[in-house]
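The block underneath contains the structure these notes are about, expressed in structure tokens.
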Amino acid sequence: MLVVMRHDARPSDIRAVVEAIEHMGYQAHPMPGRQRTTVGVVGNEGRVDGSRLIALEGVQEVIHVTHPYKRVSREWQAESTVIRLPGGLTIGGEDVQIMAGPCSVEGEAQLLQAAHAVKEAGATILRAGAFKPRSSPYSFQGLGREGLDLLALARRETGLLIVTEAVDPEGVDWVAEVADIIQIGARNMQNYSLLRRAGRAGKPVLLKRGIAATIQELLLAAEYLLAEGNPDVILCERGIRSYDTQTRNLFDLSAIPIVHSLSHLPVIADPSHGTGRRDMVPSMARAAVAAGADGLLLEVHPNPDQALSDGAQSLRPEQFERLMPELRLIAEAIGRRIAEPVGART
Ligand code: PEP
Ligand code: MN
């Protein structure tokens, strides 16, 4: 529930509302806004009886949040969240951020080649995994901390920001030292100890939709991050499991406008994992921008045929280069802009 205060409510009125909420056995979260303060109520299982609160001095209205998730909902916050990244980049505003790179960090030459290629084509964020959650224990598991050092090197060399995955709570701190955005992968969307740790890491989190997760489950997973005090959460549609074997996953384009209507958080799309097929990635990337995605996550490998993971869905650098101007046209057509790289960052 949300208690909306009048614009002329006094600090003592707000305190009285907080005390009344706490007296009812819930937690109160005052959120000062430009016009007025809103006090959020959490800790309730069912509907809260607001009659006592509406009668208090300075209260304008009481809004019942109808979803099980609270802080991530549009009811809780009507304005879209705009996440500010180093170098003046934003996610969730007008700009559409392109995050691109190989599935895994495989070595210095491969990573730097990929980083330069995606930067030259206009990506702003380098994405590559140092810790890889693989379905098989015998598959390449990533270079681990050595991979993080290589990502730090690529950041210094190119000025690209870094998004990379943390697979366990202990690894979150290592990843947070290097990454500008911490990725939580599909297999870990409901790993609540990992979510709690990432929620306290002080860096934005990119949360991927689970392999068979509903949109409500995705939003509830994001709620864990916000409940830990991290407001900077980016949601990612990466396809869900289906019965059809033509594609690796069923890329759920409709999740983009649905998430935007239910939540104020930015949502990006990953057509690489969404389709699993290089030949389908460009069309689905264009469609995702047209559907209003706040960014794209695209796997690009300098030599996909030799990739240690996800080669079949990785774009060749020249395909990525061809795609970028198409994305710019589509973004412009809907009043958005593909973000420009802005040189070396700190
Ligand atoms: C990845 O981003 O490389 C990855 C493992 O994706 P997902 O968690 O969506 O399967
Ligand atoms: Mn991958």
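Counting starts at 1 for both ligands and their atoms, in listed order. Remember, predicted model here, so these are calculated numbers, not experimental data.
- A salt bridge is defined here as a Lys NZ or Arg NE, NH1 or NH2 lying under 4.0 Å from an Asp or Glu carboxylate O, and Lys203 with Asp232 fails to meet this definition.
- Residue pairs meeting the ring pair (Phe, Tyr, Trp, His ring centres under 6.0 Å) criterion with at least one member in residues 139-180, sequence neighbours excluded, do not occur.
- A salt bridge links Asp252 with Arg209: the closest approach of a Lys/Arg side-chain nitrogen to an acidic carboxylate oxygen falls below 4.0 angstrom.
- More than 12 heavy atoms of other shown residues, nucleotides or ligands fall within 6.0 angstrom of atom CZ in Arg200.
- Taking 4.0 Å as the cut-off between side-chain N and carboxylate O, Arg6 and Asp13 do not count as a salt-bridged pair.
- Taking a 4.5 Å side-chain heavy-atom cut-off between Ile, Leu, Val, Met, Phe, Trp and Tyr, the cluster of Tyr243 contains only that residue.
- A distance limit of 4.0 angstrom between heavy atoms and ligand 1 selects the residues Cys103, Arg127, Lys132, Gln183, Gly185, Ala186, Arg187, Lys208, Arg238, His273, Glu299.
- The residues Arg196 and Glu228 are annotated as salt-bridged, a charged nitrogen and a carboxylate oxygen being separated by less than 4.0 angstrom.
- The two residues Val300 and Ala114 come nearest to each other via the heavy atoms O-CB, 4.3 Å.
- Between Phe251 and Met280 there is no side-chain heavy-atom pair separated by less than 4.5 Å.
- Listed by chain and residue number, the protein N/O/S atoms under 2.8 Å of the Mn ion (ligand 2) are Cys103 SG, His273 NE2, Glu299 OE2, Asp310 OD2, with waters left out.
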